[in-house]
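For reference, the structure is listed below as structure tokens.
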Amino acid sequence: MTLLTVQSDLEKVIAYCEAVKGSYAVMAHSTEDQQAKDMFNSMKADIDKHMAFLSGRLEYLSLNNELYRQN
């Protein structure tokens, strides 16, 4: 049961990160302040790194855990 929680939690966090990334993109596009624009774009790049790690973890579970593959 714990494994399904991990899978579900990872999927939820990845979806949340996608939403945050979109918000950062909108804020970067909406401002004329170049420093703020750069910061929002940097934060968006950080979220991409987080999502890559989380997606990798989800992929690892799907390939290496027998219980995960059964669901």
Side-chain angles (χ1 to χ4, degrees):
M1 199 55 96
T2 301
L3 187 58
L4 294 177
T5 300
V6 170
Q7 174 190 357
S8 177
D9 289 346
L10 282 169
E11 291 169 346
K12 286 176 189 174
V13 170
I14 291 168
Y16 180 74
C17 286
E18 195 65 55
V20 170
K21 182 177 146 182
S23 294
Y24 289 157
V26 168
M27 289 186 279
H29 180 73
S30 297
T31 186
E32 293 180 14
D33 180 339
Q34 189 60 48
Q35 187 175 2
K37 186 180 294 280
D38 293 343
M39 180 57 69
F40 288 128
N41 284 327
S42 175
M43 292 164 64
K44 192 173 88 153
D46 288 343
I47 290 289
D48 282 332
K49 292 175 194 170
H50 299 177
M51 289 174 63
F53 173 80
L54 294 167
S55 295
R57 182 67 183 149
L58 195 57
E59 177 75 13
Y60 173 83
L61 289 175
S62 69
L63 294 174
N64 295 294
N65 192 309
E66 191 65 35
L67 291 174
Y68 186 85
R69 285 193 295 257
Q70 292 175 2
N71 295 308

**Q.** Any I14 side-chain heavy atom under 4.5 Å of E18 side chain
**A.** no
Q: Apply side chain to side chain contact (heavy atoms under 4.5 Å, CB included) to Q35 and list each qualifying residue two or more places apart in sequence or on a separate chain.
A: D33
Q | Spatial distance of atom CG (D46) from atom CE (M39) [nearest 0.5 Å] | A | 9.0 Å
Q: Tell me, please, which residues at least two apart from V26 pass side chain to side chain contact (heavy atoms under 4.5 Å, CB included).
A: S30
Q | All side chain to side chain donor-acceptor pair (under 3.5 Å) counterparts of K44, not counting sequence neighbours | A | none
Q | With sequence neighbours excluded, residues passing side chain to side chain contact (heavy atoms under 4.5 Å, CB included) with Y60 | A | R57, N64
Q: Can you measure from CD (Q7) to CG (L61) and round to the nearest 0.5 angstrom?
A: 8.0 Å
Q.
Run the side chain to side chain donor-acceptor pair (under 3.5 Å) test against D38 and tell me which residues pass, sequence neighbours left out.
A. Q34
(Q) According to side chain to side chain contact (heavy atoms under 4.5 Å, CB included), who are the partners of M27, at least two apart in sequence or on a separate chain? (A) S23, Y24, F40
Q. Does T31 offer a backbone N or O that forms a donor-acceptor pair with the side chain of K37 under 3.5 Å?
A. yes
Q: Taking all heavy atoms of C17 and all of I47, pick out the closest pair and write down the distance.
A: O-CG2, 3.4 Å
Q. Could you give the distance from OG (S55) to CD (E11), rounded to the nearest 0.5 Å?
A. 10.0 Å
